[in-house]
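First comes the structure, then the notes that go with it.
Starting from 1, each residue takes its place in the sequence as its number.
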Amino acid sequence: MHPSTSASIRTILPLAFVTGVSMAAMDLYLPAVPALQVGMGISISLAQATVAVYLAGLAAAQLLWGELLNRLGPRRCMEVGLALLALTSLGCALAPNIETLLVLRLLQGVAAAAATVVAPTVARATLADADVVRGIAAISMVEAIVPAAGPVLGALMLTLVDWRGTFWVLAGLSLLVLPWVVKIAPRQLPGLNMAHDASYAAILRNRSYLRLALSHALCIGALLTFLASAPQLLQHALGLGSSAFALLQVLGVGSFMLCASQSGRLAQRLGHARAVRLGASVQVTACALALIGALLGALPYAAVAAYWMCFCGSLAIRGPATFVDALAVPPAQMGRATAMLVLALLAAGALGTQLVAPFLGGEASAVPVFCGVLVLLLASAALVWRYPELAKA
């Protein structure tokens, strides 16, 4: 094995695992929500609030960790984030009432946000140019696996333990990965020069960053819009049950992982600009064909599955290259740039989902879903069709 490849693996694996553990705080917990409701004797809305406050903490803390990255350094941020994740998980496991649990879930979201900012920043700053797309793709593969496998594992755990057991497992995973990721995280980002203007205003003046970040955010917004709408679409437009959505998830994750395993080679062979345009073209074409099928009233499940596989596979081709190029900024700006990018992804997904939601519920619900997704994809593709010129970091 080439030394640089070995070094990149030693960096990527801990970063991928810490990202997976942070995401598990959401996905491993989801099946336990009904059990929590029964166990604590609370309403459905209060039980669901434990999900909402976690997401609020995750989104709100992006800028916080972006701010702390330069001040504390990646290693200390990982130490604090994972320690807080372990402590809040223990607190959730021992929570005596719903009020305490809600506060702890909010803090758990804040803790989990450390990985979403620090892990991709460290990968971008420390890996060689030939390895960085592969590294971001590997982290993305974990981000694809956990939402698919987490609820399944969480449901299996509930056959052995109650809802509190989920948090004991999360605490153990956090403590298990802590020494591993701290070992590879640098005390400060390589090449960090605080003389650079690292303000948010300076980052937002970088037109290349803005175009690439918005393009990636709109693409992820399209993904989350379809994903959030798919259960209703399958039920009302196709008359299918939850098993159809589960199969759709498996097909999408499988396509993503297959293409992500080759995204580094494709980006190196085609160049980042061509790889991103290729992925965007396939996504737009697949969505347009699905929309035409929906308008004609002839959209079988196989067509929806084919669209989703094309979308996820293309995302694996374009996503890592776009993310890497968006973070082609001075090291002093990387933390805040990553935080704004992740926050934009979450905002785009929330906005797209809410815009489509009022039109769901009828037999023709596939049309507004694919219309909304297509608008997001066209805007995303337009931003990178003439690929931005990257400044030297």
Side-chain angles (χ1 to χ4, degrees), residues 8-30 54-55 57-59 61-62 64-66 68-69 74-75 77-86 88-89 108-127 131-151 153-154 169-186 216 220 223-224 253 256-257 260-261 263-264 315-316 319-320 323-324 326-327 334-335 337-339 341-343 345-346 349:
S8 68
I9 291 174
R10 287 198 300 270
T11 299
I12 292 166
L13 284 179
L15 294 176
F17 273 106
V18 74
T19 302
V21 170
S22 298
M23 294 183 67
M26 177 67 174
D27 298 294
L28 198 66
Y29 168 72
L30 284 176
Y54 172 86
L55 293 174
L58 181 70
Q62 297 299 315
L64 169 67
W65 290 109
L68 291 175
L69 188 58
R75 183 177 299 178
C77 283
M78 282 296 193
E79 289 174 343
V80 173
L82 283 170
L84 182 59
L85 187 59
T88 52
S89 297
Q108 198 174 46
V110 172
T116 63
V117 173
V118 179
T121 303
V122 170
R124 181 67 180 91
T126 60
L127 295 179
D131 298 321
V132 67
V133 172
R134 189 183 299 113
I136 296 296
I139 294 172
S140 300
M141 288 171 71
V142 173
E143 292 175 345
I145 293 171
V146 173
L153 294 175
V169 171
L170 286 170
L173 289 173
S174 302
L175 294 174
L176 185 65
V177 78
L178 177 58
W180 192 19
V181 76
V182 166
K183 185 177 179 181
I184 61 93
H216 192 52
I220 298 299
L223 177 143
L224 295 176
V253 170
F256 184 92
M257 292 185 65
S261 67
S263 62
L315 176 61
F323 202 102
V324 165
L327 296 184
M334 279 188 184
T338 304
L341 177 50
V342 176
L343 188 58
L345 305 183
L346 297 172

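The side-chain contact (heavy atoms from CB on, under 4.5 Å) check on Ala337 picks up Ile203, Tyr209, Leu327, Val329, with sequence neighbours excluded. By the side chain to side chain donor-acceptor pair (under 3.5 Å) test, Thr338 pairs with Thr121, sequence neighbours left out. Looking at residues two or more places apart in sequence or on another chain, you find a side-chain contact (heavy atoms from CB on, under 4.5 Å) between Leu175 and Ala86. When the side chain to side chain donor-acceptor pair (under 3.5 Å) test is applied to Thr116, the partners found at least two apart in sequence or on another chain are Gln62. A search for side-chain contact (heavy atoms from CB on, under 4.5 Å) contacts involving Met26 returns Leu30, Val51, Tyr54, Leu55, Arg105, not counting sequence neighbours. Here Val110 pairs with Ala61, Leu64, Trp65 under the side-chain contact (heavy atoms from CB on, under 4.5 Å) rule; sequence neighbours left out. Partners of Ser89 according to the side chain to side chain donor-acceptor pair (under 3.5 Å) rule, which considers only residues two or more places apart in sequence or in another chain, are Gln108. Partners of Tyr29 according to the ring pair (Phe, Tyr, Trp, His ring centres under 6.0 Å) rule, which considers only residues two or more places apart in sequence or in another chain, are Phe167. Annotation: side chain to side chain donor-acceptor pair (under 3.5 Å) contacts of Thr88 (sequence neighbours excluded): none.
Between Trp180 and Phe17, the ring planes are tilted. Angles from 30° to 60° get that label.
The side chain to side chain contact (heavy atoms under 4.5 Å, CB included) test with Leu178 is passed by exactly one of Leu173, Val18, Leu82: Leu82.
No side-chain heavy atom of Val177 sits less than 4.5 Å from a side-chain heavy atom of Pro14.
Listed here is the closest heavy atom pair of Cys77 and Leu68: SG-O, 3.7 Å. The two residues Val122 and Pro186 have their closest heavy-atom pair at CG1-CD, 4.0 Å. Heavy-atom minimum distance, Ala326 versus Leu341: CB-CD2, 4.3 Å. Residue Pro320 comes nearest to Leu315 through the heavy atom pair CD-O, 3.8 Å, listed as atom of the first residue, atom of the second, then distance. Looking at every heavy atom in both residues, Ser263 comes nearest to Ala137 through OG-CB, 3.2 Å.
Taking CD1 of Ile136 as the start and CZ of Arg124 as the end, the distance is 8.5 Å to the nearest 0.5 Å.
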Item to complete: Could you walk me through whether Met23 and Leu58 pass side-chain contact (heavy atoms from CB on, under 4.5 Å), step by step?
Response: CA-CA 10 Å; Met23 294 183 67; Leu58 181 70; over 6 Å; no
Discussion item. Does Leu85 form a side-chain contact (heavy atoms from CB on, under 4.5 Å) with Leu170? I'd like the steps, not just the answer.
Written reply: CA-CA 8 Å; Leu85 187 59; Leu170 286 170; over 6 Å; no
